[in-house]
Amino acid sequence: MKCRSFLLFAVGLTASALVQAGATEDLARTCNNCHGMNGVSVGPTMPSIAGQSESHLKTLMLQWKSGERYSATMGRLIKGYSDEQIAALAIHFSKLPWTPVVQHANAATLAKGKAATDHCETCHGKTGGEPDDADIPRLNGQWAEYLELELMKYREDDVKMPHKKMRKNAKKIEEGDITAITRFFAAQPK
Amino acid sequence: MSINRRDFIKTLATTSVVFPLSARSALASRSSSAKAQVVVIGGGYGGATAAKYIKHLDSAIEVTLIEKQATYTSCPLSNEVISGEREISTLQVGYDGLRKQGIHVLIDEVAGVDPARKKVTTQHGKTLSYDALVMSPGIAFDYAGVEGYSRELADGSLPHAWKAGPQTLALKKQLEAMRDGGTFIIAVPKGPFRCPPGPYERAAQVANYLTHHGKAKSKVILLDANDSFSKKGLFEQAWARQYPGMIEWVAGKDDGRVVKVDAKSKTAFTTFNDHKADVLNLIPPHHAGAIAKATGLTNEKGWCSVDMLTMESTVHKDIYVVGDSCVHGDLPVYAAPKSAHSASTQAKAAASAIVAKLNGLPAPEPFFVNTCYSITAPGWGFSVVHVYKVVDGKLVYVKEAGGVSPVKMESEAALKLQRRLEAEYANGWIKNIMADAFA
């Protein structure tokens with residue numbers, strides 16, 4: 001059965017598109033080193049990227065490339081990729097399933113986190129798993145440590161972060177709530 | 001819709017517009033009784049990643065990985081073990097992950113490779129035939145390169161700890177036993193060597209231990225055969241901020257090259273001076289792993305030249321060399337550094353090239369990147385990035401990308417954030433790259 005679907009698939013594509021698909025697979029494999037096999041991270045400070053929206057992934061990469069968005073490492077990497085490669089990578093990872101890595105937290109932390117997510121809910125959804133816009137990342141089952149580091153960037157005025165609303169809301173969060181908020185989202189399976 | 005490599009190959013093979021008949025018939029003629037055989041020598045980052053991805057791309061290929069030790073210890077981040085910031089167990093992994101994916105893992109040592117008959121023999125008396133061989137033996141130390149040094153001393157009172165494992169722990173013990181006011185000497189060989197920023201990160205980690213264990217009067221001296229080093233501005237900044245006055249670097253042109261040691265008195269001799277140490281950490285010169293040399297794959301400098309696009313040896317067909325053993329890139333400044341990350345992307349490119357070739361298909365375009373983090377203190381890390389691309393059939397270092405982390409930033413707050421992020425990223429990176437190779 002599997003073979004038949006490849007044949008059907010092949011009919012709909014040109015030869016160059018097939019070569020492109022293979023090249024993108026090869027290119028995407030270089031992302032695994034840091035972001036995990038097929039974009040699902042096993043390292044708590046590195047985000048999973050599989051299953052984030054195409055628009056979000058592409059916007060991030062293009063903003064790093066242009067220097068519009070601060071990054072510690074990715075900007076230097078992504079400058080080596082063409083806009084076409086960036087677009088292909090965004091499509092590639094967006095088509096993989098979002099795989100939440102559910103990290104357990106105690107009830108008190110979860111309750112504190114939930115109570116403090118008012119600023120996040122409108123855009124990311126109650127559990128962080130239902131963004132209201134294609135440009136907004138999923139947070140449910142994302143690594144808590146990574147989310148904390150990302151918030152640090154948004155809360156720091158001296159590095160360039162492009163999203164005004166996100167910057168504003170990140171700064172509204174009480175320092176003491178950050179851990180609870182990130183643990184809350186990290187613990188959500190959906 | 002996403003297709004994996006195996007599917008991609010099948011798709012190509014059934015699409016008449018893309019490849020000539022010979023390619024398709026080569027694939028069609030493959031039967032289960034004549035499976036292609038790939039042997040991988042060496043189970044470090046390069047070998048493990050190659051084995052895993054070959055199997056992943058084409059599960060019909062029989063992949064056998066031969067490795068001496070049942071447990072691998074990662075060199076990256078092992079300097080943190082010396083300072084006590086990290087447990088060595090966090091850097092160790094076995095081969096069950098690969099076995100579960102259908103890869104044959106032999107804990108054995110290769111006795112010889114016959115490139116003409118395409119056979120590998122092992123110390124335990126096994127003979128394996130291969131259609132393609134991945135050579136990833138890491139490095140071999142040239143003990144005779146420094147007078148007075150030997151393998152026995154490396155395993156005894158003068159551990160180099162440039163291959164992570166028991167020597168890493170032995171060096172840690174020596175550091176812990178060192179008196180306050182003592183001198184810790186690190187002797188750096190002439191490049192190219194494994195892990196270009198490693199000695200300078202080690203100096204920082206040693207200073208980190210000394211500073212926080214009541215031994216702040218001690219000194220760390222780098223006696224270097226080279227006149228410059230990787231991430232120099234970043235290291236010098238970190239040393240000055242975190243360990244002011246503690247770390248001294250002596251360049252090769254300033255008589256930094258160690259030519260002789262006396263193990264008993266722990267003295268390192270340069271051409272004109274002698275340096276008495278409390279702990280003497282001599283990193284001996286090294287070159288490609290012994291089996292690469294014995295197979296005739298090494299050049300006059302002791303490293304293996306490869307086709308930059310496929311990683312195939314320029315000496316013997318069907319042997320692909322990845323990782324620290326190879327020279328990847330034709331100019332010293334643009335060559336891929338000897339790092340785990342380089343080894344990993346080289347292994348993936350070799351895997352794609354091998355699977356394509358065994359299926360009668362042309363080699364796909366390879367992609368190579370390198371990211372290498374160094375940590376000088378808790379929460380203080382930085383990196384170097386390299387990106388390569390193929391232009392007109394040649395591998396080119398992309399100058400507009402890559403480079404080292406910024407030395408200066410907008411403000412002290414921004415600088416601290418940058419260093420903190422990269423120190424944290426290193427911790428995530430190690431987990432992902434280990435899983436990418438071994439899980």
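Order of the sequence lines fixes the chain letters, A, B, ..., with proteins taken first and strands second; residue numbering starts at 1 for each chain. Everything numeric here is computed off the predicted structure, so don't read it as measured data.
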Task: Gap separating the NZ atom of B:Lys431 from the CE atom of A:Met46, nearest 0.5 angstrom - done: 11.5 Å
TODO: Output the distance between atom CG (A:Leu77) and atom CE (A:Met61), rounded to the nearest 0.5 Å.
DONE: 11.5 Å
- [ ] Considering only heavy atoms and a distance below 4.5 Å, find which of A:Gly80, A:Ala72, A:Gly75 pairs most often with chain B.
- [x] A:Ala72
Could you look at [X] and say if it's the side chain, the backbone, both or neither that has a heavy atom under 4.5 Å from chain A?
X        : answer
B:Phe382 : neither
B:Met409 : side chain
B:Val369 : side chain
B:Arg419 : neither
B:Thr49  : neither
B:Lys416 : neither
B:Tyr373 : side chain

Are the side chain of [X] and the backbone N or O of [Y] linked by a donor-acceptor pair below 3.5 Å?
X        : Y        : answer
A:Thr117 : A:Cys120 : no
B:Asn359 : B:Leu361 : no
A:Trp98  : A:Arg138 : no
A:Thr24  : A:Leu89  : no

Task: Other residues, nucleotides, ligands: >12 heavy atoms within 6.0 Å of A:Lys65 NZ - done: yes
Using side-chain heavy atoms (C-beta onward) and a distance below 4.5 Å, is [X] in contact with [Y]?
X        : Y        : answer
A:Gln52  : A:Phe93  : no
B:Lys357 : B:Tyr320 : yes
A:Trp143 : A:Gln103 : yes
B:Phe368 : B:Gln346 : yes
B:Tyr45  : B:Ser74  : yes

Open item on the list: Apply salt bridge (Lys or Arg N to Asp or Glu O under 4.0 Å) to residues B:Glu422 and A:Arg76 and explain how you reach the verdict.
Closed with: CA-CA 13 Å; B:Glu422 292 207 286; A:Arg76 280 174 281 145; 3.1 Å; yes
Task: Contact class of A:Lys153 relative to chain B, heavy atoms under 4.5 angstrom - done: both
Task: Structural part of A:Tyr81 lying under 4.5 Å from a heavy atom of chain B - done: side chain
Task: Per-residue contacts, residues 389-396 of chain B versus chain A, heavy atoms under 4.5 Å - done: none
Task: Geometric class of the B:His328/B:Tyr388 ring pair [parallel <30°, tilted 30-60°, perpendicular >60°] - done: tilted
Open item on the list: Using the side chain to side chain donor-acceptor pair (under 3.5 Å) definition, which of the options A:Asn33, A:Thr30, A:Asp26, A:Asn32 pairs with B:Lys348?
Closed with: A:Asn33
TODO: Name, in order of residue number, those residues of residues 163-190 of chain A that have a heavy atom at a distance of less than 4.5 Å from a heavy atom in chain B; otherwise write 'none'.
DONE: none
- [ ] Identify which of B:Ile430, B:Val398, B:Leu417 forms the greatest number of heavy-atom pairs closer than 4.5 Å to chain A.
- [x] B:Leu417
- [ ] Heavy-atom pairs under 4.5 Å with chain A are the metric here; pick the option from B:Ala414, B:Ala435, B:Ser383 that has the most.
- [x] B:Ser383
